[in-house]
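None of these values were measured; they are calculated from a predicted model.
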Amino acid sequence: MKKILFTGFEPFGQDSVNPSWDAVSLLPDRIGDILIVKRRMPVVYDGVAAPLAAAIEEEKPDAVLCVGQAGGRAVLTPEFVAINLKDAAVPDNAGVSYDGEPIRADGPAAYFATVPVKAIAAAMKEAGVPAAVSYTAGTYVCNSIMYHLLSTLEQHSPQTKGGFIHIPFSCEQVLGRSASTPSLPLPLMAKGLEAAAKAVGEFLENGGEDLREATGSTH
């Protein structure tokens with residue numbers, strides 16, 4: 001039996017909810033032969049690495065999927081890469097903002113996801129959930145947690161696979177925003193995360209090999 005750790009974020013900015021955590025919370029504790037564990041993370045650049053590392057140490061998962069909100073996107077987007085950069089005018093929940101500083105001064109320029117990103121997107125679409133591969137996780141805390149995740153796994157748990165998934169606003173969040181602001185229902189986004197878990201579970205059972213990923217096919 002495999003174990004996947006999902007993380008989502010606390011609310012930030014003007015919102016009283018964060019669909020990343022709300023969607024993760026809807027996941028069952030078991031999906032087939034996969035155990036699902038969940039942790040909520042702070043929206044703090046320099047305060048997210050420690051609780052993430054502690055959760056990994058405590059749970060010893062086979063894979064970690066961090067989830068974050070990307071307001072303005074219309075589909076679920078598994079991310080390929082995290083870059084070594086903190087750069088956003090909007091402050092984090094500690095009131096801190098950065099203007100082009102590295103996440104780790106001695107770290108590599110980027111880390112690539114070690115879960116099968118294309119297969120995850122394909123599985124989401126096969127489940128009826130709108131999804132697309134993304135090649136930019138931004139430069140806010142979502143990018144930072146993905147960078148910290150992959151750095152931590154490389155250094156302390158190289159057998160564990162890791163990745164990040166952005167999700168849109170939930171429907172309740174767009175009330176009071178522009179009528180054209182995209183959103184998705186929370187249950188549909190949770191269904192997409194469940195499909196992601198199944199794709200990662202299949203990947204793990206295959207010893208980290210996925211034919212669709214190798215060929216670049218997303219069905």
Side-chain angles (χ1 to χ4, degrees), residues 2-31 34-71 73 76-79 82 86 88 90-97 103 113 115 120 124 129 137-153 156-157 160-174 183-197 200:
K2 303 298 183 180
K3 180 190 287 189
I4 299 177
L5 168 64
F6 275 87
T7 74
F9 282 111
E10 67 185 0
F12 70 99
Q14 70 184 57
D15 292 301
S16 60
V17 298
N18 191 318
S20 66
W21 176 245
D22 294 341
V24 166
S25 297
L26 291 178
L27 291 173
D29 294 331
R30 182 169 172 174
I31 300 172
I34 306 167
L35 293 177
I36 303 296
V37 291
K38 312 160 193 175
R39 293 288 189 279
R40 192 169 87 152
M41 295 288 135
V43 182
V44 180
Y45 283 109
D46 302 320
V48 75
L52 176 64
I56 293 169
E57 174 63 25
E58 178 185 351
E59 295 293 347
K60 295 177 172 55
D62 297 285
V64 184
L65 290 174
C66 297
V67 183
Q69 171 189 294
R73 294 191 187 183
L76 277 68
T77 48
E79 300 288 349
K86 297 182 287 188
V90 178
D92 64 15
N93 278 357
V96 176
S97 58
I103 296 171
V115 294
I120 289 171
M124 289 175 169
V129 180
T139 53
Y140 194 53
V141 183
C142 287
N143 175 72
S144 288
I145 197 173
M146 183 180 178
Y147 189 95
H148 283 304
L149 168 64
L150 297 168
S151 174
T152 297
L153 296 182
H156 303 292
S157 187
T160 304
K161 306 301 181 182
F164 187 92
I165 299 169
H166 265 125
I167 64 175
F169 284 133
S170 62
C171 294
E172 66 180 287
Q173 285 179 287
V174 300
S183 65
L184 289 174
L186 276 173
L188 184 65
M189 293 194 282
K191 184 179 179 181
L193 298 182
E194 185 169 343
V200 171

For M41 and I145, what are the C-alpha separation, side-chain angles and deciding distance, and is it a side-chain contact (heavy atoms from CB on, under 4.5 Å)?
-> CA-CA 9 Å; M41 295 288 135; I145 197 173; 3.8 Å; yes

Under the 3.5 angstrom rule, does the side chain of S20 hit a backbone N or O of F9 as a donor-acceptor pair?
-> yes

If you take all heavy atoms of A63 and V200, which pair is closest and at what distance?
-> CB-CG1, 3.6 Å

If only atom types and distance count, is the side chain of K38 paired as donor or acceptor with the main-chain N or O of L27 below 3.5 Å?
-> yes

Just wondering, do P19 and Q173 contact through their side chains at under 4.5 Å, heavy atoms?
-> yes

Minimal non-hydrogen separation, L76 against I167, with atom names | CG-CG2, 3.8 Å

Is there a donor-acceptor pair under 3.5 Å between the side chain of K86 and the backbone N or O of S144?
-> no

Give, for atom SG of C142 and atom CD1 of I165, the distance between the pair rounded to the nearest 0.5 Å.
-> 12.0 Å

Using atom types as modelled and distance alone, determine if a side-chain donor or acceptor of N18 lies under 3.5 Å from a backbone N or O of E10.
-> yes

Could you go step by step and tell me if I36 and R30 meet the side-chain contact (heavy atoms from CB on, under 4.5 Å) rule?
-> CA-CA 5 Å; I36 303 296; R30 182 169 172 174; over 6 Å; no

Please confirm whether the backbone N or O of W21 pairs with a side-chain atom of S25, one donor and one acceptor, at under 3.5 Å?
-> yes

Between H166 and E79: side-chain donor-acceptor atoms closer than 3.5 Å = yes

Looking only at heavy atoms, what is the nearest atom pair of L26 and A190, with distance?
-> CB-CB, 3.8 Å

For side-chain contact (heavy atoms from CB on, under 4.5 Å), just list the numbers for V37 and K3, CA-CA rounded to whole Å, side-chain angles, deciding distance to a tenth of an Å, and then say yes or no.
-> CA-CA 7 Å; V37 291; K3 180 190 287 189; 4.1 Å; yes

D62 side chain to K2 backbone, donor-acceptor under 3.5 Å | no

Where is the tightest heavy-atom contact between A113 and G163, given as atom of each residue plus distance?
-> CB-CA, 4.3 Å

Sole residue of V115, I34, L193, L35 in side chain to side chain contact (heavy atoms under 4.5 Å, CB included) with I4 = I34

With Y147, which residues qualify under ring pair (Phe, Tyr, Trp, His ring centres under 6.0 Å), at least two apart?
-> Y111

For residues E194 and I31, report the shortest heavy-atom separation together with the two atoms involved.
-> CG-CD1, 3.5 Å

Interatomic distance, F164 atom CZ to T7 atom OG1 [nearest 0.5 angstrom] | 7.0 Å

Where does the angle between the aromatic ring planes of Y140 and Y45 fall among parallel (under 30°), tilted (30 to 60°) and perpendicular (over 60°)?
-> perpendicular

So, does T160 use its side chain to make a donor-acceptor pair with the main chain of P61 at under 3.5 Å?
-> yes

Is there a side-chain contact between L5 and R39 (heavy atoms, below 4.5 Å)?
-> yes

Answer yes or no: is there a side-chain heavy-atom contact under 4.5 Å between C171 and P185?
-> yes

So which of L150, L149, V48 actually passes side chain to side chain contact (heavy atoms under 4.5 Å, CB included) with C66?
-> L149

Answer whether the closest heavy-atom distance between the side chains of V141 and V44 falls below 4.5 Å.
-> no

Between atom OG of S170 and atom CD of Q69, what is the distance when rounded to the nearest 0.5 Å?
-> 7.5 Å

Answer yes or no: is there a side-chain heavy-atom contact under 4.5 Å between S16 and P11?
-> no

Any chance you could measure L184, atom CG, to K191, atom NZ, to the nearest 0.5 Å?
-> 12.5 Å

What one should report as the nearest heavy-atom pair of S97 and P91 is CB-CA, 4.0 Å

Measure the spacing between CD1 of I103 and NE2 of H148 and express it to the nearest 0.5 Å.
-> 5.5 Å

